[in-house]
Protein chains: 2
Amino acid sequence: MQMVRSSTHNFLKALSNEKRLQILEWILTPRDHFPEQQDGDLVEDGVCIKFITDKIALSQPTVTSHMAVLAAAGLVTSKQIKNWVFYKPDRSAIQAAMKSLRDGLDV
Amino acid sequence: MQMVRSSTHNFLKALSNEKRLQILEWILTPRDHFPEQQDGDLVEDGVCIKFITDKIALSQPTVTSHMAVLAAAGLVTSKQIKNWVFYKPDRSAIQAAMKSLRDGLDV
DNA sequence: AGTCTCTATCGATGTTTAGCAATATAGAAG
DNA sequence: CTTCTATATTGCTAAACATCGATAGAGACT
């Protein structure tokens with residue numbers, strides 16, 4: 001299948017931005033980087049975009065847009081609770097993308 | 001060391017471009033993609049930039065610039081023979097970059 | 001010496017990306 | 001029901017990137 005190339009490309013594009021890579025790393029080990037949340041579990045539900053915005057030196061619209069890119073690449077999923085939105089890494093998608101990349105570079 | 005992040009970032013930036021990813025994949029298995037060369041062995045010496053330019057739908061300056069990006073990221077090395085320039089993947093650098101990325105995403 | 005080929009550099013251009021302020025929307029909380 | 005908070009959307013700007021044509025330099029080949 002030739003679909004591998006385009007999904008690998010999306011993965012690389014999404015992570016080629018330093019801020020997005022940083023955010024993804026943070027939410028992969030959320031308890032190391034974020035305070036406990038009232039209305040959603042850091043691991044089960046994901047990290048509230050508000051906390052990400054507070055931690056990274058960027059405006060809220062910019063963070064929203066970065067999260068949309070990560071979601072479009074399938075690397076994170078989002079869930080709304082009340083008026084908060086939580087982002088959680090999709091670990092199996094990340095693994096699959098890593099495998100595609102590795103296979104493409106036949107390392 | 002915090003150097004890992006920036007080298008991972010360079011790796012991702014370099015490969016986030018579809019043409020560069022394509023080229024790297026081609027030169028990783030050069031015998032599958034390029035004709036035999038007179039003045040340099042496809043595997044030992046690398047692929048002549050001329051053949052890459054002929055194969056990909058891009059101008060010669062654009063290809064030169066893409067190769068420079070790959071070289072700056074440490075993913076390829078170049079060698080001049082007569083007035084040809086050959087590019088060869090640096091497999092151990094590629095493997096190291098993959099490992100850094102995997103570790104960063106703790107997959 | 002003159003010409004041809006290959007690669008690099010320069011300069012210009014169009015496109016994409018990252019970023020923000022302002023605004024809209026929807027829910028929470030008084 | 002008004003106000004506050006969280007997120008999304010819009011519209012804009014500045015910077016980065018991809019690309020090309022033109023040109024330069026270095027080597028090969030008459």
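Remember, predicted model here, so these are calculated numbers, not experimental data. Order of the sequence lines fixes the chain letters, A, B, ..., with proteins taken first and strands second; residue numbering starts at 1 for each chain.
Looking only at distances, no side-chain donor or acceptor of B:Q60 sits under 3.5 Å from a matching main-chain atom of B:I49. Between the side chain of B:H9 and the backbone N or O of A:S16, at least one donor-acceptor pair lies under 3.5 Å.
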Step-by-step side-chain contact (heavy atoms from CB on, under 4.5 Å) determination, B:I23 to B:V76 = CA-CA 11 Å; B:I23 291 171; B:V76 302; over 6 Å; no

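Listed by first and then second residue, the salt bridge (charged side-chain N to carboxylate O under 4.0 Å, His left out) pairs that reach into residues 67-80 of chain B are B:D45-B:K79, sequence neighbours excluded. Every pair passing salt bridge (charged side-chain N to carboxylate O under 4.0 Å, His left out) that includes a residue from residues 10-30 of chain A is listed here, sequence neighbours excluded: A:E25-B:R5.
In terms of heavy-atom proximity, A:L12 sits nearest to B:L15 at CD1-O, 3.3 Å. A:I56 approaches A:W26 most closely through the heavy-atom pair CB-CZ3, 3.8 Å. Nearest approach of B:I27 to B:R91, heavy atoms of both residues: O-NH2, 4.4 Å.
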When the side chains of residues 81-89 of chain B are checked against the rest of the protein, which donor-acceptor pairs come out under 3.5 Å, sequence neighbours left out?
residue	atom	partner	partner atom	Å
B:K82	NZ	B:D39	OD1	3.1
B:K88	NZ	B:E44	O	3.0

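Within residues 64-83 of chain A, the residues approached by DNA chain D to less than 4.0 Å at the level of any non-hydrogen atom are A:T64, A:N83, in residue-number order. Against DNA chain C, the stretch residues 18-53 of chain B makes heavy-atom approaches under 4.0 Å through B:C48, B:I49, B:K50.
Rounding to whole angstrom units, CD of residue A:Q60 and C1' of C:dA21 are separated by 11 Å.
Residue order along DNA chain C, read from the 5' end via each residue's closest nucleotide, puts B:P61 first among B:P61 and A:A57.
For C:dG19, the OP1/OP2 oxygens have no side-chain nitrogen or oxygen of A:T62 closer than 4.0 Å.
Within a 6.0 Å radius of CD in A:Q38, no more than 12 heavy atoms belonging to other residues, nucleotides or ligands are found.
Once you apply a 4.0 Å limit to the heavy atoms of chain A, the touched nucleotides of DNA chain D run 5' to 3' over D:dT5 to D:dT9.
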